[in-house]
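Below is one structure, written out as structure tokens, with a few remarks after it.
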Amino acid sequence: MIGDLSSGMRSLRQALDQIADAHERKAAHAFNDAGSHEAGVRDALAAAEELRQAANLVDRAYDRLAEGFIAAGRIAWHPDPAVEEAAPSRWVSVVFLQGKEADRPLRILGEARACRCCGLPRAVGLRQ
């Protein structure tokens with residue numbers, strides 16, 4: 001499948017170059033809707049430039065596709081997923097405090113860079 005994509009991208013690059021070349025070669029025949037030859041030439045050359053920019057972007061995408069193809073080639077797919085070891089669990093006591101009871105723990109949390117028991121970032125916007 002990646003090979004088919006690669007081939008399609010090469011064809012797209014080639015087509016963009018050919019259309020850009022045609023715009024440049026035929027610029028002497030270009031006019032805009034109002035009949036201005038000068039504007040037609042300017043637009044033909046601008047179109048050619050934009051088409052070449054698109055072709056360059058296709059080249060960059062092709063390079064990324066090639067890197068993906070190389071990385072995909074290093075994968076050895078297995079029918080079953082790997083068994084991961086679970087991280088050790090820790091129990092943390094949770095207590096609901098309010099009012100004056102909560103003042104001291106909130107102050108401690110506000111002063112600490114991270115909670116010692118769970119590693120969460122320090123409390124922001126809490127009363128101290």
Side-chain angles (χ1 to χ4, degrees):
M1 181 178 276
I2 294 177
D4 291 340
L5 286 172
S6 176
S7 174
M9 291 179 82
R10 286 284 129 215
S11 295
L12 177 59
R13 168 65 153 126
Q14 183 179 10
L16 289 168
D17 280 335
Q18 290 172 353
I19 296 169
D21 288 344
H23 277 77
E24 288 175 344
R25 276 194 323 275
K26 299 287 187 173
H29 303 273
F31 294 83
N32 73 357
D33 289 340
S36 170
H37 176 63
E38 186 177 304
V41 169
R42 189 172 48 247
D43 289 341
L45 297 177
E49 177 62 27
E50 291 300 323
L51 290 164
R52 294 209 190 285
Q53 290 287 339
N56 288 335
L57 291 172
V58 169
D59 273 345
R60 289 176 56 195
Y62 177 84
D63 292 343
R64 300 286 38 97
L65 178 64
E67 291 300 319
F69 187 66
I70 291 167
R74 294 190 300 260
I75 299 170
W77 296 101
H78 290 229
D80 296 317
V83 177
E84 305 274 335
E85 286 189 33
S89 61
R90 274 178 35 181
W91 287 91
V92 178
S93 297
V94 177
V95 178
F96 179 76
L97 301 173
Q98 63 183 16
K100 288 195 179 274
E101 271 186 325
D103 287 344
R104 183 169 183 266
L106 289 174
R107 188 176 60 254
I108 292 169
L109 285 173
E111 292 169 359
R113 288 191 160 266
C115 178
R116 290 186 185 108
C117 67
C118 65
L120 293 174
R122 95 182 228 177
V124 177
L126 298 176
R127 296 185 302 149
Q128 294 196 16

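Note that the coordinates shown come from a computational prediction; the quantities given were computed from them, not determined experimentally.
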Of D4, L65, D63, which is the lone residue that meets side-chain contact (heavy atoms from CB on, under 4.5 Å) with M9? L65
Is it true that L51 and L45 fall in one hydrophobic cluster, defined by side-chain heavy atoms closer than 4.5 Å? no
List the residues meeting side-chain contact (heavy atoms from CB on, under 4.5 Å) with S11, not counting sequence neighbours, and say none if there are none. none
Which pair of heavy atoms, one from N32 and one from A39, lies closest together, and at what distance? ND2-CB, 3.4 Å
Could you state the interatomic distance from CG (L16) to CG (D21), rounded to the nearest 0.5 Å? 11.0 Å
Pairs under 3.5 angstrom only: tabulate donor-acceptor contacts from the side chains of residues 22-30 to other protein residues two or more places apart or in another chain.
{"from": "H23", "atom 1": "ND1", "to": "I19", "atom 2": "O", "distance (Å)": "2.9"}
{"from": "E24", "atom 1": "OE1", "to": "R52", "atom 2": "NH2", "distance (Å)": "3.0"}

Student check: side-chain heavy atoms of R60 and R64 closer than 4.5 Å: no
Co-membership, hydrophobic cluster, residues L5 and L57, 4.5 Å side-chain: no
Sorted by chain and number, sequence neighbours left out, salt bridge (Lys or Arg N to Asp or Glu O under 4.0 Å) with D59 holds for R10, R13
Measure the CZ-CG distance between R104 and L97 for me, rounded to the nearest 0.5 Å. 11.5 Å
Greater than 12 external heavy atoms within 6.0 Å of F31's CZ: yes
